[in-house]
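Notes for the one structure printed next.
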There are 2 protein chains.
Amino acid sequence: MSTRVTISEVAKLAGVHPGTVSRALNKKTENQVNVDTVRRVRDAAKRLGYSPNSIARGLRTSSSMTVGVIIPDLTNPIFPPIVRGIDNYLLPRGYSTVVVNTDGSDANERQLFESLVQRQVDGFIFATGHTGQSIVHEAYERGIRGVMVNRDSGGVPYPAVVGDDSQGIRASVEHLAQLGHRRLVHLEGPASFSTSRVRAASFLSSCAEFGLSGTVALCGSYSVDEGQRVMDAVLAERSSQPTAVVAGNDLLALGVYHSLRTHGLRCPEDMSVVGFNDMPFSGDFQPPMTTVRVPQAELGTESARLLLRQIEDADRSAVRVVLPVELIVRASTARVHQA
Amino acid sequence: MSTRVTISEVAKLAGVHPGTVSRALNKKTENQVNVDTVRRVRDAAKRLGYSPNSIARGLRTSSSMTVGVIIPDLTNPIFPPIVRGIDNYLLPRGYSTVVVNTDGSDANERQLFESLVQRQVDGFIFATGHTGQSIVHEAYERGIRGVMVNRDSGGVPYPAVVGDDSQGIRASVEHLAQLGHRRLVHLEGPASFSTSRVRAASFLSSCAEFGLSGTVALCGSYSVDEGQRVMDAVLAERSSQPTAVVAGNDLLALGVYHSLRTHGLRCPEDMSVVGFNDMPFSGDFQPPMTTVRVPQAELGTESARLLLRQIEDADRSAVRVVLPVELIVRASTARVHQA
DNA sequence: CCTCAATTTGCAATCGATTGCCCAGGATCG
DNA sequence: CGATCCTGGGCAATCGATTGCAAATTGAGG
């Protein structure tokens, strides 16, 4: 790109040493230089349209003012709001974010992580909280700053920001109980995600609390197709069928919709369905989905805040922030049909 | 972050000069080094876990191996697939992407653009193609490499990658004509977007072609709320009502759904609706939406390819790539009701 | 008038890699 | 056998900013 203005050109115009320009233009050092000089330097810089080369600065200060955000898949609709939340906090503070997608692969995750480390990012926000061969442990060992978002830290002493999954599931179960449902099934997400287990555990304890019969069906991924597949299997069983489904997330719930449709079953008349996340447009599905709203943007913002606290204040306390969730009742749940 | 291995430590272990290490480790220069030496250096590098500091490299080579992607809003569901398409092409080639959201504000756009320039990005992909005070012109004047995606270049000689909007609209109109519709209305997107005008023009000429009466209603933004507002206005008119709506995009079409519902009208029985983009989950709306599928991921991939061609081959030809689109017929369109 | 401290600014090293230049040594050729 | 080429690799400058250190200037106090 075209010839850019450097600090020494500004220095020449202002009649001072480059070092002085640097100090004059930097908030934390400008009090080391005479106010008149500062003004002169400022003028010169503005006149030349100077803007610092952040690569050069980064080399010297060994900070890139960049954070890496590792997510499974941007096209999963819960992530865009999280990413926006992160950006909204970070950009005004001079940081950029680089978002990478692992597609659920540990190998990808590792490779992308290394490439971001190589780019000298100042810290990471991990939204891929599976507990397997994740690089999170290693990152922590290497002294790399990071925060977990939307997923638990799984033993790694990084700060974590999560929604109140237990409470959300409990509210769902309570809602179904009040509608007269007695037999529920939970579509549990992949066991490698900490959230899956939290939600399943809460489902079982909530069923117990409200005196319902609850069974759990395990899904291999958080996707529409998998939700449909597992629901097909549930419906194929000969044992007494549930009257309501508590899905591990909205994608699985959507798969349940598809399964019901292919089986000629109506929602909510024949089967009530509750999702999780309140992802965008879940209120426009057919039928509009009852689900648990998680404050995604706030999750992002909060995680960014915690990361910056680590970077700028060297505060490494492993706080855990739990944000409240809310059950959104729409049209996919109804009073149980008296058969 | 922890102490990192530098090139001179590798040099020491391998018993050679740092410059030699650099050449040995670089694909394009490794043939300047004896194969034995290359092997020795490689071993040393591996043993020490060396990975080059890309900031230092970037300073010297004045390239950051980063591209900036400027979009209006990541939470608009058409953008995640585009961004993924870009990433899929760029990441394996060693580039990272920094995605920023303008929220439609020219001021934001300018500021974000400058901050990315300051970060020495090697080029831009602009997905914010409004023709107003955009920085696109200025960027081109400054000799900055860039590509337009999903929006036309509006006179700036950057390469552009777009879907075949005209054809998509024509197919929609033809489909409606075949269903017996005679009076159509088009919800046109904001005039500042080039796509809006292309689609509106195609709508009118297609109506003429098929002998239909077509009117156009202008929307202030591409959003659900605006679609609802404008459709409300259309329905409030006393003149002869249309029997089908061709919406400028799926968001507007969704707004039409909402409007119809509040007016007690059924889709498709009382009004057929066609969207544009086939954004994720538009097949799960109520009713499943007939819409025009645009290959978003391919748009992204292709734009990334064109950008890299500029960056690496200095090829500045202003090609214009038009990708084919496809009408997806679902349940929001039906044979016109014989009133 | 001298000393000492404080303020302001210049100087030069530094961050870590890349690369033009040049030299040493061996191969090739006439 | 001497001139000429290659090949391999060392040397040092360079990218553009930051920053510890020291010098210069100023002012105050004795």
Side-chain angles (χ1 to χ4, degrees), chain A residues 1-42 44-45 48-65 94 115 117-122, chain B residues 1-42 44-45 48-66 94 117-122:
Chain A
M1 319 262 174
S2 51
T3 54
R4 294 177 37 80
V5 181
T6 73
I7 206 170
S8 54
E9 302 178 49
V10 176
K12 203 171 301 170
L13 180 58
V16 295
H17 190 271
T20 305
V21 174
S22 172
R23 281 186 277 254
L25 261 28
N26 233 299
K27 262 277 166 284
K28 347 209 133 163
T29 46
E30 69 173 345
N31 56 343
Q32 298 172 23
V33 20
N34 188 294
V35 282
D36 287 344
T37 315
V38 170
R39 195 171 16 251
R40 228 172 47 248
V41 170
R42 286 257 167 75
L48 294 176
Y50 169 76
S51 91
N53 180 327
S54 43
I55 294 215
R57 167 185 294 163
L59 178 58
R60 180 61 225 247
T61 63
S62 70
S63 92
S64 58
M65 299 299 279
S115 102
V117 168
Q118 177 170 340
R119 290 189 120 79
Q120 317 288 121
V121 299
D122 298 329
Chain B
M1 317 261 179
S2 51
T3 54
R4 295 177 36 81
V5 180
T6 74
I7 207 170
S8 55
E9 302 178 49
V10 176
K12 204 172 300 171
L13 179 58
V16 295
H17 190 270
T20 306
V21 173
S22 171
R23 281 186 275 255
L25 261 29
N26 234 300
K27 263 277 168 283
K28 341 205 139 167
T29 47
E30 71 173 344
N31 55 343
Q32 299 172 24
V33 173
N34 188 293
V35 281
D36 288 343
T37 314
V38 170
R39 198 175 10 254
R40 227 169 51 246
V41 170
R42 285 257 166 75
L48 294 176
Y50 169 75
S51 92
N53 179 327
S54 42
I55 294 216
R57 166 183 296 163
L59 178 58
R60 180 61 224 250
T61 63
S62 70
S63 91
S64 60
M65 299 300 279
T66 300
V117 168
Q118 177 170 341
R119 290 188 119 81
Q120 318 287 122
V121 299
D122 298 328

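Chain A is the first sequence line, chain B the second, and so forth, proteins listed ahead of strands; every chain is numbered from 1.
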Original post:
Whole Å only: how far is the CG atom of B:L59 from the P atom of C:dT14?
Top reply: 17 Å
**OP:** Could you tell me which non-hydrogen atom of A:G15 sits nearest to which non-hydrogen atom of A:R40, and how far apart they are?
**Re:** O-NH2, 4.4 Å
**OP:** Using heavy atoms and a sub-4.0 Å distance, could you list which residues of residues 16-29 of chain A are near DNA chain C? By number, please.
**Re:** A:V16, A:H17, A:T20, A:R23
Original post:
Under the 3.5 angstrom rule, does the side chain of A:S8 hit a backbone N or O of A:P18 as a donor-acceptor pair?
Top reply: no
Original post:
How long is the span from the CD1 atom in A:I55 to the OG atom in B:S63, to the nearest 0.5 Å?
Top reply: 7.5 Å
Original post:
What closest approach, in Å, do A:A45 and A:L25 show between heavy atoms, and which atom pair accounts for it?
Top reply: CB-CD2, 4.4 Å
**OP:** For the residue pair A:R119 and B:T66, confirm or rule out a side-chain donor-acceptor distance under 3.5 Å.
**Re:** yes
Original post:
What is the distance from NZ of A:K12 to C1' of C:dG10, rounded to the nearest Å?
Top reply: 16 Å
**OP:** Would you kindly give the CD-to-C1' distance between B:Q118 and D:dA17, to the nearest whole Å?
**Re:** 12 Å
**OP:** Please say which of A:N26, A:T6, A:L13, A:V10 ends up in a side-chain contact (heavy atoms from CB on, under 4.5 Å) with A:V21.
**Re:** A:V10
Subject >> Close approaches to DNA chain D from residues 30-42 of chain B, in residue order (heavy atom, under 4.0 Å) >> reply: B:N31, B:Q32, B:V33, B:N34, B:T37
**OP:** Measure from the side-chain N and O atoms of B:R4 to the backbone N and O of B:S51, and report whether any donor-acceptor pair falls under 3.5 Å.
**Re:** yes
Original post:
Do side-chain atoms of B:R23 reach the backbone of B:T29 as a donor and acceptor pair under 3.5 angstrom?
Top reply: no
**OP:** Would you please confirm or rule out a distance under 4.0 Å between OP1 or OP2 of C:dA17 and any side-chain N or O of B:Y50?
**Re:** yes
**OP:** Ignoring backbone atoms, establish whether B:R57 has a side-chain N or O less than 4.0 Å from OP1 or OP2 of C:dT18.
**Re:** yes
**OP:** In whole angstrom, give the distance that lies between atom CD1 of A:I55 and atom C1' of C:dA17.
**Re:** 12 Å
Subject >> Spacing of A:N53 atom CG relative to C:dC15 atom C1', expressed in whole Å >> reply: 13 Å
